[in-house]
K.L.:
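I am attaching a structure below and will ask some questions about it afterwards.
Note on naming: letters A, B, ... go to the chains in the order of the sequence lines (proteins, then strands), and numbering restarts at 1 for each one.
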There are 2 protein chains.
Amino acid sequence: MPVTVLLVDDEPLVRAGLRAVLEAQPDIEVVGEAADGAAVIPLVRRLRPDVVAMDVRMPLLDGIEATRALLRTVDDPPRILVVTTFENDEYVYEALRAGADGFLLKRARPAEIVHAVRLIAEGESLLFPASVRQLAAEYGDTGGNRAARAVLERAGLTEREAEVLRLMARGLSNAEIAARLVVGTETVKSHVSAVLAKLGARDRTQAVIAAYESGFVAPG
Amino acid sequence: MPVTVLLVDDEPLVRAGLRAVLEAQPDIEVVGEAADGAAVIPLVRRLRPDVVAMDVRMPLLDGIEATRALLRTVDDPPRILVVTTFENDEYVYEALRAGADGFLLKRARPAEIVHAVRLIAEGESLLFPASVRQLAAEYGDTGGNRAARAVLERAGLTEREAEVLRLMARGLSNAEIAARLVVGTETVKSHVSAVLAKLGARDRTQAVIAAYESGFVAPG
DNA sequence: GCGAGCCTCCCCCGCACGGGGGAGACGATC
DNA sequence: GATCGTCTCCCCCGTGCGGGGGAGGCTCGC
């Protein structure tokens, strides 16, 4: 009976890579994929994977928050392997505090990745902060504006407000947003004001910056 | 006759992902992989790929140096698509200046990655953000990597204007920028207007979006 | 010397933006 | 039925923003 794995990462490329690496093993089966933390819980409920390979930096709900939510709301939760690009100790500790069972760098070799998944599935934990620290020093820690991200995630934007923010982040004026959403400009102004208040932004430019910095919208 | 691609990335996971994405296409063939920039030149000599998909951050020889070396030492060099995780102004400029033909984020969707490889193979240049491509059209460039370079350089921001744009992208108002730069607000307004005109932006929000989309400023 | 480009500052002017209120309609929840 | 949150729309009002001009001082290179 193979180890079943759910992949959670906002980059399709990474998901494809993980899938290729893991499915090359006869005893490991990738049973599903999710692109953000918010989609994880229902998927876990349905697929009941043994292991969730979870990215840290994701839109909507990051890996750490998703881990917390998962362990809090799901009975008999899967083991969680946090997968990330390059890390600082804060992330390691935060992830472990949140209840993750292991911690792995994307930079790891395929054999290490496979090994990690097997270990985690067997109930072992896995972490190597030494190599993490070394890599962080080697490549220079870019950090990331976690403050802005946290703000956005905990801001509690409604669906409509998020929609408006997305359009703001595409450079649309209030009038253009109104036309796009088929509502009045006064309505859009209300939503924009709500977005600004919730994000702690002074104007739409700052709101758009927060959207980019938090990963709510991505360049490209 | 399929497009042949050489993958150069120090992360096996990313190579596996790219391979999975690209080989799903009947007209694209991955002919080889390399884990660092130093291994690229002999591989290119032997395999003669149409396109090299090259990571920026790599041990031994980074993607920019490898690009330079490749174009300097190989006859009839392949087209070079720089693939990277984080958008960073220095990298964009440096990579294009080194002679890369395109610039792509790893977080791009599979369809975008495939599209990028095809475009590059056809001799087009590619800058992932639409706004930059738009600039290319506006400035009447003929395509090719010279175009890409020229666009970014000839987008023609002066040093001062670039400085103002950076501050705009940090959410500062005109008055705050003026205070920071120790000049009058009217001066800042002049610079901002120049930036807007050169970027084809209607307001500062669109300018900041362009800054993010072009990699002029990077999230995090 | 002279122009070109850049940085600096100034004027007028229209308007989109954002703050601060309020309010009706609807669905979900209790 | 009552309450809450969301979405919708409205009012007034001040101002920061951006367009369209112009102009002086400075350092370049021709």
K.L.:
Taking CZ from R204(A) and C1' from dT15(D), how many angstroms apart are they, rounded to a whole number?
P.N.:
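Taking CZ of R204(A) and C1' of dT15(D), I get 16 Å after rounding.
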K.L.:
If I take atom CD in residue Q206(A) and atom P in nucleotide dC17(D), what distance separates them, rounded to the nearest angstrom?
P.N.:
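Going from Q206(A) (CD) to dC17(D) (P), I get 10 Å.
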K.L.:
In whole Å, what is the span from the NZ atom of K189(A) to the C1' atom of dT6(D)?
P.N.:
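Atom NZ in K189(A) sits about 20 Å away from atom C1' in dT6(D).
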K.L.:
Rounded to the Å, how far apart are R202(B) CZ and dA16(C) C1'?
P.N.:
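After rounding, the gap between these two atoms is 10 Å.
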K.L.:
Closer to the 5' end of DNA chain D via nearest nucleotide, is it S173(B) or T187(A)?
P.N.:
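Per heavy-atom nearest nucleotide, the more 5' residue is T187(A).
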K.L.:
Mind checking if S193(A) touches a base, just sugar-phosphate, or nothing, with heavy atoms under 4.0 Å?
P.N.:
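Result for S193(A) = sugar-phosphate.
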K.L.:
Please pick, from dG19(C), dC7(D), dC17(C), the nucleotide with the shortest atom-to-atom distance to any side-chain atom of E159(A).
P.N.:
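Closest nucleotide among those given: dC7(D).
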K.L.:
Look at all strands and tell whether S190(B) reaches a base, only sugar-phosphate, or nothing, counting heavy atoms closer than 4.0 Å.
P.N.:
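Contact class for S190(B): base.
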K.L.:
Rounded to the nearest Å, what distance is computed from the CD atom of residue E176(A) to the C1' atom of nucleotide dA16(C)?
P.N.:
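It is 12 Å, rounded to the nearest whole Å.
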K.L.:
Give the rounded distance in Å between these two atoms: CG of L181(B) and P of dC7(C).
P.N.:
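The answer, rounded to whole Å, is 11 Å.
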K.L.:
Between H191(B) and E186(B), which is nearer to the 5' end of DNA chain C once each is assigned its nearest nucleotide?
P.N.:
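Between the two, 5'-proximity favours H191(B).
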K.L.:
Does D203(B) or V182(B) map to a spot on DNA chain C nearer the 5' end, using the closest nucleotide for each?
P.N.:
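Whichever sits nearer the 5' end wins; that is V182(B).
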K.L.:
At less than 4.0 Å, is any side-chain N or O atom of N174(B) found next to OP1 or OP2 of dG16(D)? Yes or no.
P.N.:
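Looking at the OP1 and OP2 atoms of dG16(D), neither is under 4.0 Å from any side-chain N or O of N174(B).
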K.L.:
State whether the side chain of E23(A) and the backbone N or O of E29(A) hold a donor-acceptor pair below 3.5 Å, judged by distance alone.
P.N.:
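It does not hold such a pair.
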K.L.:
Whether the side chain of R15(A) engages the backbone of D9(A) through a donor-acceptor N/O pair (distance < 3.5 Å, no angle test) should be reported.
P.N.:
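Yes, R15(A) side chain to D9(A) backbone: donor-acceptor pair under 3.5 Å.
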K.L.:
Report the nucleotide, chosen from dC9(D), dC6(C), dT8(C), that has the shortest atom-to-atom distance to any side-chain atom of R160(B).
P.N.:
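When the side chain of R160(B) is considered, dT8(C) is the closest of dC9(D), dC6(C), dT8(C).
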K.L.:
Just the rounded figure in Å: distance from C1' of dT8(D) to CD of E163(A).
P.N.:
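Rounding to the nearest Å, CD of E163(A) and C1' of dT8(D) are 14 Å apart.
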K.L.:
Test your reading of the model: is there a side-chain donor-acceptor pair from Q206(B) to the backbone of G171(A), 3.5 Å cut-off?
P.N.:
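Yes: the side chain of Q206(B) pairs with the backbone of G171(A).
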K.L.:
Do V14(A) and D55(A) have side-chain heavy atoms sitting under 4.5 Å apart?
P.N.:
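Not touching, per the 4.5 Å side-chain cut-off.
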K.L.:
Using modelled atom types only, decide if a donor and an acceptor are shared between the side chain of E33(A) and the backbone of L7(A) within a distance under 3.5 Å.
P.N.:
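The answer is no, because no donor-acceptor pair under 3.5 Å joins these two groups.
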